[in-house]
Structure formats: structure tokens, C-alpha cells
Amino acid sequence: MTNPVTLEVCIIGSDYILEDGKPVVRLWGKTSKGETVLLLDRKFRPYFYVEPKPGFEIIKALPEGQGWIVPEKVETVEKRLYGKPKSVIKFVLTSPSDVPKFKIGIERLESVKATYEYNIAYYKRYLIDKGIIPLNWILVSGEGQNSLEGGLVVELESIEHLPQTDYPKIRMLTFDTEVVEKDGERWVVVISFNSNYGFRRTLVLGYVEKKNVECFDDENSLLHRFIGVLKTEKFDILCGYNTDGFDFPLIVERANKYNIKLDIGFEGKEPVFVMKGSISSFSITGKIHIDLYNFVENIVSNTLATEVLSLDRVSRELVGEGKKRVEWVELKNSWERGEKERLVEYCEKDAELTLKLANVLVPQIFELSRVSGQIPFDTSRMSYSQLVEWLFIRKSYEVGELVPNRPGFEEIRVRQLTQSYQGGYVHTPKNGLHHDVALFDFRSLYPSIIIAHNISPETLNCGCCSTLEDRNVISKDKNKVPEETYYFCINHKGFIPEIIEGLLRKRTEIQQEIKTLENGSVKYKDLNNRQYAIKILANASYGYYGYPGSRWFSTICAKSITAWGRYYIKKVIDFAERDREVIYGDTDSLFVKMGSGESISFIEEVNKTLPEGLKLELRGIYKSCLFVLSKKGTAAKKRYALIDKEGNIIIRGFEKVRRDWSKIARDAQEKVLVSILMDADHKAAFEEVKNLIEKVGQGKIDLKDLVIYTQLTKPLESYEQLTPHVMAAKKAIAKGVKISEGSVIGYVITRGTGPLSERAEILELANNYDPDYYINNQIIPAALRVLSEFGYSEKDFIGEKQQSLAKFINRENKKEKKFLQLKYKI
DNA sequence: CCGCTACGGGG
DNA sequence: GGGTACGTAGCGG
């Protein structure tokens, strides 16, 4: 039974299926009441363009009888490429998979010069051509009917775009998985769910009495229940942290072991891993699976103070709350002792934190979906360059431009090898510690330059301005790139400046509206996310010119932008240096020694000297800041730490703290930074490290603070290099410990005279540690990353005697290597 | 100094 | 629609 229906729908997802060889576009949407709707469109067909060689007639179809494809329609259309008119032939085909086949076939014809837009995914093509923007509202009419799964299914007849910008009610489910290694296998032992609609549940392998906890005797039934929850819960979005990379691959592996069907998609469809760039993404039909880690890594990390992108650190920064500080070894031990509550609690906390993080990040993903025009599943996994690319592709369709092709592998290589141009200007930092420093930066420097100087591939050295040159040299000079001979058109606005200008204009409008709203209200947050999404895309478009994989690649555009950028920042630095000390400057920002009182008038004076659209802004006033020069000396690396008047510390550019450093070394480095910034005294920091070294020397350190974690990435036998973690694993196995492929080995370097690998023991088998190794190879290098700035070196930490001893041992180690090679290889 | 191997997130 | 991630560092040889 079908009925004519008309309803308002917000689109949140899209895909297609084949029915009798013909594609059916599916749009997954929500109504304003929060109901789920599935819209079907059977009328849309895939297509691509062919440009014939001049004077050649293109055949209308490929020869039959060779298994080739007959198009549904062939027509000549007038498009433009980089602004220049171009006649192309549009081939409309039946199935999306016909496009690549037909393209390869027709490219073999002598009459074909080029092909275009052959690799735009069918469902994306549909959204672009219909002007449908995810998370925006449309008024749809068609024939509706209720599906077996409860939602309304509508055969689309017409679409109208609606202006409202609010969100529908989205039911968000988050989960987290805990795994324990036993008998060389990884077992799923706890799974916890949380949601924004009241559902909370934790599944445990074993018995735990607690609210919302369900207990299972075996992993098989736990996994069955996990699938049951995903099938019965009516959620729209499923969120996790590193679920593409960890939870789902693991759950699939375990489900396969028990032959459990993961029929959690629409109509029982099993999920698949699809490649999105370099990300293998877990895709569930009819649902949006978002892995927040992908989004954090690709997009959010840029603006975070933390260098470590763990759920703990990221949520500390974004939601003001982190995990309970606990060592994994302890959790594992209590689990094995049968005290299951601790791991359950830990897992529940993770699912809860993931939800809190999702509440902050999913609206940002939604807004980026609106700007890029891509569905949230894809948007959440895109890099900056991909977001920009889709924005440009959408705009191309709107203005009748052909989308330039992706470069091939060879072309990318050539671009990588040949492209080299000067980047932003770096004003060499005055290293060391400084007090009372103001940080200024340009508001959207590169986007503003693109607009102000009309930088676009088709406006470069345009014909219209070169004829103008003869009559009006000054006009041309006005838009000549500093220190270059290029210039950009001043008569016609370029394709890309046009897009960026639209973005910045929209952003300014939103910011005006935000000013009228109450700080922290729902509307305020939404608009703030919107202006932020716009800013992200505007800022990323410069990089897209210089990205070797870009469809709109232009080294000249990229280097013209940086040339103007250097010109303006130098101008500001010169201005500041007339009567002040500039401590550091990089691309679009500068640190100047001054108090908060002076900063306002400084900005006013500077901005008077800048052209329209370019503005310097005050970012903050800092009590102290620490600059560290890189070892390489001349190249001033962007490594610094700041502390503001409230005592908040921002650390930038120091190496990511990795698990292949022991906890004691990681802690030492952080302590040094904090100590210097807080007390403004490097001596205190130095003494602290010295005390720590003494403690290590006395053997007073708990072994678990000394563990270094390294993963086995292949079968043990196939390692040619006998690295410490490989050796530790081999020895452990020889003693009967089960270690599976892919597991992370936590080892300690124990006392002795042989090489490291000889003395590495897994934590469980280690009963002492080598103080010299931890002092010389862990704590000192970590601390010196900072302290070398203040003139400290290795000598300051250890006496001459110990140094020579260390050197002696090192020599001895080298002698023993050959012996060891023989011993273990054969 | 080069080449191999690993890091990231998750547990 | 699909390709190779990527940029950096420690340590062995």
C-alpha cells in the first residue's frame, strides 16, 4: 500500500543499490519529529564527459558485440575549463560501474582528446547535481510506504530546498571495547554503550553486579548480545574512538572465529570496510558510523594544544574532563585476579567520554558537511584537501566549469619532485625564556591574500591585463607578485577567489549574528561551529594549490600567496622593531615583547598601514614563553611552550610522546617544561632531573615506570633485525609465555654488559633494571630536548668517570653484536 | 651514514 | 572510485 506524501526531511546519509542492473539512489534522512525516512530515486543515471580532438567525430557508442556498453544518451554540452569555453560530449550510462569501463574503452579511440569527471562517486554526483546538501532540509514529495523496519520509504518525485538551518533530533550511540590478551589471543571482555537518549549498557565476560551491566559466560554470547544491541537500538549515529582502526577490526575477527553474522545494517546487510583515502572505514548500511579519532587526527589536531591525540588528552582539552589516571598493567592484573569491576568502570568511562566528545565534535562534522556538501560519514574521514576539493567540485557544477582531473601517479611524483618554493617567513626565535610577551596574528592571512590579489589559475598573467599593461602600467604593477614577474588579472574575479570571498563573507555575517546571542546558548554554539567550519575551508584552500594530488594544482598560485604573505608579515615585523623587541615570527604570527596596555594601540597603528581585508589581531598576552632551537641550528623549528597569567600551559612542536619511550622519560620531559615555565628557573628543573637520575641510579624505580612498548608487526621468525622487543618476545616464548602476532611487547632493559636486545625482558620476567640505560638513553635525552637551550649538556648530568664507562660499554656492545647474530640467526 | 623498523590511536 | 599514508626517529649494521 502506497500513499502520496509530502514531508520535510534532513538528509544525513546517501548510497545506492542496483535493482535489475539499474541504480537506485538512497537518501537516509530524518524528519523534524525525529523519524527516520528512506528516500529512493530510480531516475538518476551516471555520466561523464569526453572531449574530442579538433576535427574528429566521436562515435556515439562503442562497438557492440565486444561486450562493450551502449550509453543511454549521448549529447554535446557547452562547458568551461579554467574559464575557457569547451564543447564536450556527455555520455549517460546505466550502471555506475559502467563509467570506468566505458571511459577506458573510449579513451582508446583516436578521436578522443580527454575525459572528465569519470571518477566522481555516483551518490556524490547525485547530491551535487540535485543541489542536496547534507544536514540541510528539503521538502520532498512522492509515494510513501512503511517498511518492514518501521521507517517510512518514499519513492521520490520532487525535491524543493528549504531555508531552515536547525538540526533534527539525532540519536547518538557510543561504545568502547576492552580487550585482554590470553593464550596468545585477544579476547573481547567488556563492551560498554552510552547514548544521548538514555540508553546505557555494559556487557561483561564474567560476573559483575552493577546497574546496567549484563554478564556473559563466554565471548561468543557477549558478541551475540553486542550485535543484538546494534540491531534493536534505534540510533542514527554510532561513535567511537579509533573504532575504524581497532574496535571493529577486532570485533569482526572475533565474530569470524565463532561464525557470528554481523547483520547489523539495514535489512540485515553486513557491514564492510571501505577505503576512504588511507583510512579503512567501517561502513554500516543505513547508519552513520563516525570514528572520532579520524576527525581529530585529520582536522581537529591542528587547533589542539596537545600533541598526543589519545581520548584522554583530547577530551581533557575539548570537554574539560579526562580518564582516571591508571596504568593498563594494573587494570589487566586486577582483571586476571578476578576483580572485574575496575575494567568495567574504565570501559564505561570511555564510552561516556566518547559521548561527551561526540557532543562537541559531531556538530562540527555536521557543519563541515554543509560547507563541503559531503555526507557526515565521508566528511568525518576527510583531510583538509579533500574537503576543499569537494567544495570546489560542487561550485564547478554550479557555474558550469569542468572539474579538472586528478593527477596520475606519475604526475604526482613529478609535482613532488619539481615543486619547491619558499614558504612563510620565519623570524628566527630568540631562544630561551622570555617574559611579558604578546602574540599577534593575521586574521585569515592566506585566504585574504587570495581574495585581495585575485589569485586563481585562470587569472594568472591573463590576456586582458597584458593588453592593459601598455596603457596602464600602474594598474598591472598593483597586482604584480612581490619579487616575481607574475601578475594576476584585475578585471575578472577568479573562480577560487570567488569561492573564498563567498566563504569569508558568510563567516562575517555569522559572526555578526553571534554577537547578538547569549554566549553558550545552543544557537550560539551552532553558529560558532558554522563560522569555524567556514574558516577551516577558507584557510585550507591555499594548501590545496600546493598539494601534489590537487585537481587545481598551481605552484605559481601557491608561491604567489606565500610571497605576499612574507611581504605583509615582514612589513609588520619591521614596524614593530622600530621600538620593540620581536621574539619570534612565523608566517602569519609574531611574538612581541610588550605589556597588555600597549597591545591595543599597537594593533591600531599596524592595521592603518595594511590594505583592506588584511587585519592583525591580538591572540593573547603571556607571562612567560620558552623557545627551543632545533639541533640543526639554522632552521628554526617551531618548538615552544607558553604560560599565560592564569597558569595555563601550551606546549607546541615538541616530539609526540610515544609509547616507545618509558613513562619515566616522558614524565621527566614534561616536568622540565612545566618547572621552567612556572618558576622561570632552569636550575630548579635541572636539579629535579638530577635527583631523578640519582633515584634511578639507586635502583629505586618501580619497574612498570620503565616499560618500553613496541609492537610486533610480523611473525617473530621473519625479523632479520634482532631488536630488543623481538628478543624479549623470543625469550619469553622460550619460557612458555604465549605471545600472539601483532601484540604489543612491554619490556624492560635489565642489568648486564651485552647489547640492549640481549638484556630486554618482558615486564613479567624482568626482576631488575639497568640504571645506566635509563639514565643515558631515556631520561637525559628527553630532558635535554629542553634543557640544552640553557646550556646544559650530557656532562652536566653524569660525571666524567661514568661517561667513559658508558663509552666503554658501548664499544663492548658493538663487539658482541656479531657473536649474537650468529647465535640467534642460525 | 644508510637502511630497517616502528611510532600514531586503541588495549 | 580507489592507490602507494606520512613524516620522523632510534638503533643496528
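Sequence lines set the chain letters: A, B, ... in the order given, protein chains first and strands last, and positions in each chain run from 1.
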Trainee: Between atom CD in Glu411(A) and atom C1' in dG3(C), what is the gap in whole Å?
Mentor: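 The answer, rounded to whole Å, is 16 Å.
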
Trainee: Heavy atoms under 4.0 Å, any strand shown: does Tyr773(A) hit a base, just sugar-phosphate, or nothing?
Mentor: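 If one applies the 4.0 Å heavy-atom cut-off, Tyr773(A) turns out to touch the sugar-phosphate alone, with no base involved.
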
Trainee: Roughly how far apart, to the nearest Å, are dA5(C) and dA6(B) at atom C1'?
Mentor: 15 Å

Trainee: List in chain and number order the residues that pass side chain to side chain contact (heavy atoms under 4.5 Å, CB included) with Leu703(A), two or more places apart in sequence or in another chain; answer none if no residue qualifies.
Mentor: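 Leu703(A) satisfies side chain to side chain contact (heavy atoms under 4.5 Å, CB included) with Leu706(A), Val748(A), Leu763(A), Ala766(A), Tyr769(A) once adjacent residues are dropped.
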
Trainee: Taking CZ from Phe248(A) and P from dG11(B), how many angstroms apart are they, rounded to a whole number?
Mentor: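 Rounded to whole Å, this separation is 14 Å.
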
Trainee: Counting the atoms with a prime plus P, OP1 and OP2 as sugar-phosphate, which does Ser310(A) contact under 4.0 Å by heavy atoms, base, sugar-phosphate, or nothing?
Mentor: sugar-phosphate

Trainee: Quick one: Asp291(A) CG to dG8(B) C1', roughly how many Å, whole number?
Mentor: 13 Å

Trainee: Salt bridge between Glu117(A) and Lys90(A), side-chain N to carboxylate O under 4.0 Å?
Mentor: no

Trainee: Would you classify Arg125(A) as touching base, sugar-phosphate or nothing, given that sugar-phosphate means primed atoms plus P, OP1 and OP2, and contacts are heavy atoms under 4.0 Å?
Mentor: nothing

Trainee: Which residues pass the side chain to side chain contact (heavy atoms under 4.5 Å, CB included) test with Asn302(A), sequence neighbours left out?
Mentor: Tyr384(A)

Trainee: Nearest whole angstrom, please: distance from the P of dG1(C) to the OH of Tyr122(A).
Mentor: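 Rounded to the whole Å, the gap is 10 Å.
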
Trainee: With sugar-phosphate meaning primed atoms plus P, OP1 and OP2, does Asn294(A) contact a base, only sugar-phosphate, or nothing at under 4.0 Å between heavy atoms?
Mentor: nothing

Trainee: What is the distance, to the nearest angstrom, from the CD atom on Glu178(A) to the P atom on dG11(B)?
Mentor: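 Rounding to the nearest Å, CD of Glu178(A) and P of dG11(B) are 5 Å apart.
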
Trainee: Look at all strands and tell whether Gln711(A) reaches a base, only sugar-phosphate, or nothing, counting heavy atoms closer than 4.0 Å.
Mentor: sugar-phosphate

Trainee: How long is the line joining CD1 of Ile251(A) and P of dG11(B), in whole Å?
Mentor: 12 Å

